[in-house]
Colleague: 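This structure is in structure tokens; I'll ask about it shortly.
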Amino acid sequence: MNGNLVLPGMWRRIKLPPLRHTLTLFGAAIVSLAVFVAIFAPLLAPHNPFTQNLGNRLIPPLWMGGQLSHLLGTDQLGRDYFSRLIFGTRISIIIGVSTVIASGLIGITLGLLGGFYGGRIDDAVMFLITCRLSIPIILVALTVVAMVGSSLTIVILTLGLLLWDRFAVVARTATMQVRNLDYVAAAEAAGASRVHVLLREILPNIANHLIVVATLEMALAIMLEASLSFLGLGVPPPLPSWGLMIAEAKDYMFFSPWVIMIPGIALFVLVLGINLLGDGLRDLLGADRAQ
Amino acid sequence: MNVSSAAPVLDIANLRIAFGMRAEPVRGLSLSIHRGETHCLVGESGCGKSVSALSVMNLLAKGATRSADHIRFHQQDLLKLSEREMARLRGDKIAMIFQEPMTSLNPAYTIGSQMAEVLERHRRAPRRQALEKAADLLARVGVTAPGMRLGQYPHQLSGGLRQRVMIAMALMCDPELLIADEPTTALDVTVQAQILRLLLELQQERGLALLMITHDLGVVARMANRVSVMYAGQVVESGPVQPLFAAPSHPYTRGLLACIPVPGNGQSAAPLGSIPGTVPRLAPGFTGCGFHDRCLHATPDCTGAIPTQSPSQGHDYLCRLTPGWTKEAA
Amino acid sequence: MWLFFLRRLLLAILACMTVMVISFTLTRLSGNLAASIAGPNASAADIAIITKNYGLDRPLPVQFLDWARHAAEGDLGRSYLYHVPVWSLIRQRLPITLTLGLIAILMALAVSIPLGILAAAREGTIIDRAIMLIALIGQAMPNFWLGLVLIIFLALDLQWFPISGVDTWHGYILPAIVLAFSAVPALMRLTRSGMIEALAADYIRTARAKGLSRSKVILKHALRNAAMPVVAITAVQLGYMLGGSVVIEAVFALPGVGYLAWDSITKNDFPVVQAIVLFLALLYIALTLLADLVNALLDPRLRR
């Protein structure tokens, strides 16, 4: 009401549960590490991830008899695996964050509108959500990429247009709960415009639920991109997407299993970390209700 | 009302209930009930009466611990029973009915099924026999068309009917002790009277020992042989109902009774009594009188140990003030 | 209740129609479909022939209505690649995908429900935390990677299962395990939270006051009430499995509907793609309607 963003819902309810705490911190640490690696990838990677060296193909990792210059060995085209892994982190983080922003914009808008206005508009929003839930998203994503061409941007846009449903559902439920509270009525009575009410009164107070959804959707986006790239219809080579790395390594996996183990473990650890963080945030912010 | 002078059916000695370290809702409750006797445990909400009732059958929620010198059902000390042994008594020799008939029955199963399972569990009765008994009991408690009701679901019945079903269900195995936790509070006034009358009849028929939890002194007047008045986790006064109502001795009891408007009483111009203050939240370990901060006669001694006074046979109260003080104060 | 179902049915039909539009639009995204079909080396003449033959020069709404009308009658068109009716292709592959999905969902339920109940009954204890940790791990595991890992260790090294294909029923086990892995976390969490809520209800106190044994209280009284959301999400998970099996079928080389879809996508066989997207969506809608029906049976209150 005076222009400052007030976040009462979020900070008032922080309580610290004991054991959960450690897992959440662990998750936060993983995510922070991943973001750090993603940002500073060029500085951290010992080699260029795209440089091929066919004389150095399939060198095993250091602990399996490899070389110091290639800590995690090389792939089938002689590219340093460690460097590819690092740059792959960048791709995963970019995909995760961008998709969440895109799907969040769509989903939160729809949820806010449906929850706030109710009636026909809400019916329409619910109908859209039902339709979205009916379609098989992997197939649709594959088709889009096949039709339009594969690139990082296309993957982000496609996933963003497909993964908004949970944002919409949670935003809608939370908006409906908050909508009838006193401070909303007060703002409306003071003559605030609808947009102002939505953005300044309602949105900050449902933000804690949305943050939890954002973390979970980010994990989902990263997994989906990996699946798409694995099937050859995601991020195009030679970009070092972890899913793509696994796909490329599939032909060699029987002889050199580490080529699929390493990116797979990286993927698993990142997604696990994000999920742990999301769960911890859910406990911390008291956002259990709007599920 | 044949009150047997034999050993009590239920004898609770010095019951204490704690919620971890945080609170002590019951700080020493003792009472005993004989066969055919109705004992009312009365007090405001928050005084610890419901939780005392639950603790008899060990139905407390997680995190609550009970302790007592003993909780004897006939000769058995219920405190010493394992969960398994206790489960054998529940629903069989000791039965309980609750305050909210709306939510106390499982919405997914029929009335008949829920009633029959008690007999099936405790007497290994075949379903048909159990359902027959259920129908008989439903008829006894005043439910019309009992056969049809057996096949109905809880949501199809009114609150009063549901409570009758709960009572019938509690009687399936002919219990000796019935614990009723505010059975009429959630019902309409007209239905309340019917349910209370039903309970009295059943008790006389079967010689039930009835422990009735209530906050309504009117219920006490109707039903009780003995009454225990509870405040802040302690029984502040107890005794046979007539002498206690005639000569309430604890300041809290006096305050309670003064709050009741009596129609036709000549003092209609006098203001209705009220007790200043609110129910306290006592710190665990407090051993004094819980009423001291609202009592007009309190002294610093009241935060220490309180003696038990006894104005007449069977009538006790916990106070520093000696019997007969009311005549001086009046 | 029947009114409720009628309304659901009408909405479902409306959703089907919307999905039809979506799946049709999907395949027209590349702009020039004829060029995509013809391939990179096609001449302008080839493209013109294809355009003529498949009626791709007609206005889009006309193409859509034509397809929709046929689809409503059960004719989903013909595959460009195999020149047979699409439906026959789907029907051929459907048993494999359905078998896989059913085995997977049964595995998932067999694991999730007991563990969810256990976690709820022991809420807050180490057992509960451990079970929730399992759920988290399952959620984070990339399914295609798990499939590959299982192939390496169980099929190759230990030779317990075939590496690919479904010549024997053994071939279903590994892919079913992987699919089940992704469904278990959601099912387990929901069972747990449903049970926790049910166990806190008043009627549970009544059941205990009647002297019923602990297992009876949990399994008979609480579970019935906790089951409803679980039924709903089982239908959803089954829908996901059937729609998302494309990755697993690719990893394990199973000739199911998912594999067919992927194959058709990469080869621009768009009638097949369109039809499969539509078919899977219809399946999902039917499953959720079925779940609603089962819930009405479970909760007498819904039946008025």
Side-chain angles (χ1 to χ4, degrees), chain B residues 50 53-54 56-63 83-111 113-123 151-156 162 165-166 169-170 172-173 175 178-181 186, chain C residues 1 4 113 117-129 191-192 194-232 292-304:
Chain B
S50 275
L54 287 172
V56 170
M57 289 217 281
N58 203 9
L59 287 176
L60 292 170
K62 261 187 283 225
E83 171 63 20
R84 228 172 182 196
E85 291 163 335
M86 191 70 234
R88 250 182 260 139
L89 281 179
R90 291 190 200 123
D92 188 352
K93 296 280 193 297
I94 313 178
M96 188 157 177
I97 59 180
F98 300 94
Q99 182 177 349
E100 318 87 348
M102 311 295 146
T103 48
S104 293
L105 290 169
N106 195 327
Y109 292 100
T110 60
I111 305 289
S113 151
Q114 296 187 54
M115 289 182 70
E117 71 178 338
V118 189
L119 211 58
E120 287 166 358
R121 191 273 193 257
H122 291 292
R123 302 277 188 268
Q152 286 188 321
Y153 289 91
H155 69 273
Q156 294 172 287
R162 273 185 246 195
V165 166
M166 290 286 292
M169 194 160 74
M172 284 293 283
C173 294
L178 178 63
I179 306 177
D181 186 3
Chain C
M1 170 178 92
F4 168 71
I113 296 194
I117 295 178
L118 187 59
R122 302 258 178 267
E123 186 194 352
T125 63
I126 292 281
I127 294 184
D128 184 20
R129 302 269 194 223
T191 307
R192 175 184 176 274
M195 282 298 286
I196 287 179
E197 205 179 297
L199 285 172
D202 284 342
Y203 54 80
I204 295 296
R205 188 180 54 182
T206 309
R208 290 192 66 206
K210 293 198 293 196
L212 301 178
S213 69
R214 194 168 181 161
S215 58
K216 195 133 206 204
V217 170
I218 293 178
L219 294 176
K220 182 178 172 191
H221 285 266
L223 191 57
R224 182 75 177 268
N225 286 280
M228 284 193 325
V230 177
V231 167
D292 278 351
L293 197 67
V294 173
N295 274 342
L297 288 174
L298 281 179
D299 187 347
R301 288 173 290 190
L302 293 178
R303 273 191 239 162
R304 292 176 315 114

Colleague: Evaluate whether atom CD of B:E85 has more than 12 neighbouring non-hydrogen atoms of other residues, nucleotides or ligands under 6.0 angstrom away.
Modeller: yes

Colleague: So, for C:R208 and B:N58, which heavy atoms are closest and what is the spacing to 0.1 Å?
Modeller: NH2-O, 3.7 Å

Colleague: Please flag which part of C:A209 lies under 4.5 Å from any non-hydrogen atom of chain B: side chain, backbone, both or neither.
Modeller: both

Colleague: Whether the side chain of B:R121 engages the backbone of C:G211 through a donor-acceptor N/O pair (distance < 3.5 Å, no angle test) should be reported.
Modeller: yes

Colleague: List the steps, then state whether salt bridge (Lys or Arg N to Asp or Glu O under 4.0 Å) holds for B:E100 with B:R162.
Modeller: CA-CA 9 Å; B:E100 318 87 348; B:R162 273 185 246 195; over 6 Å; no

Colleague: What part of B:L54 is in contact with chain C, defined as an atom under 4.5 angstrom from a non-hydrogen atom: side chain, backbone, both or neither?
Modeller: side chain

Colleague: Between C:L219 and C:I117, is a side chain to side chain contact (heavy atoms under 4.5 Å, CB included) present by the stated rule, with each step listed?
Modeller: CA-CA 9 Å; C:L219 294 176; C:I117 295 178; 4.1 Å; yes

Colleague: Most heavy-atom pairs under 4.5 angstrom with chain C, which of B:A87, B:A108, B:A170?
Modeller: B:A108

Colleague: Just to verify, what does B:E117 make a side-chain hydrogen bond (donor to acceptor under 3.5 Å, both in side chains) with, not counting sequence neighbours?
Modeller: C:K210, C:K220, C:H221

Colleague: Counting only non-hydrogen atoms closer than 4.5 Å, does B:L105 touch chain C with its backbone (N, CA, C, O), its side chain (CB onward), both, or neither?
Modeller: backbone

Colleague: What part of B:M166 gets closer than 4.5 Å to chain C, counting heavy atoms only: side chain, backbone, both or neither?
Modeller: side chain

Colleague: Against chain C, label B:M169 side chain, backbone, both or neither, depending on which of its atoms sit under 4.5 Å from a heavy atom there.
Modeller: side chain

Colleague: Among B:M86, B:Q114, B:Q156, which has the most heavy-atom pairs under 4.5 Å with chain C?
Modeller: B:Q114

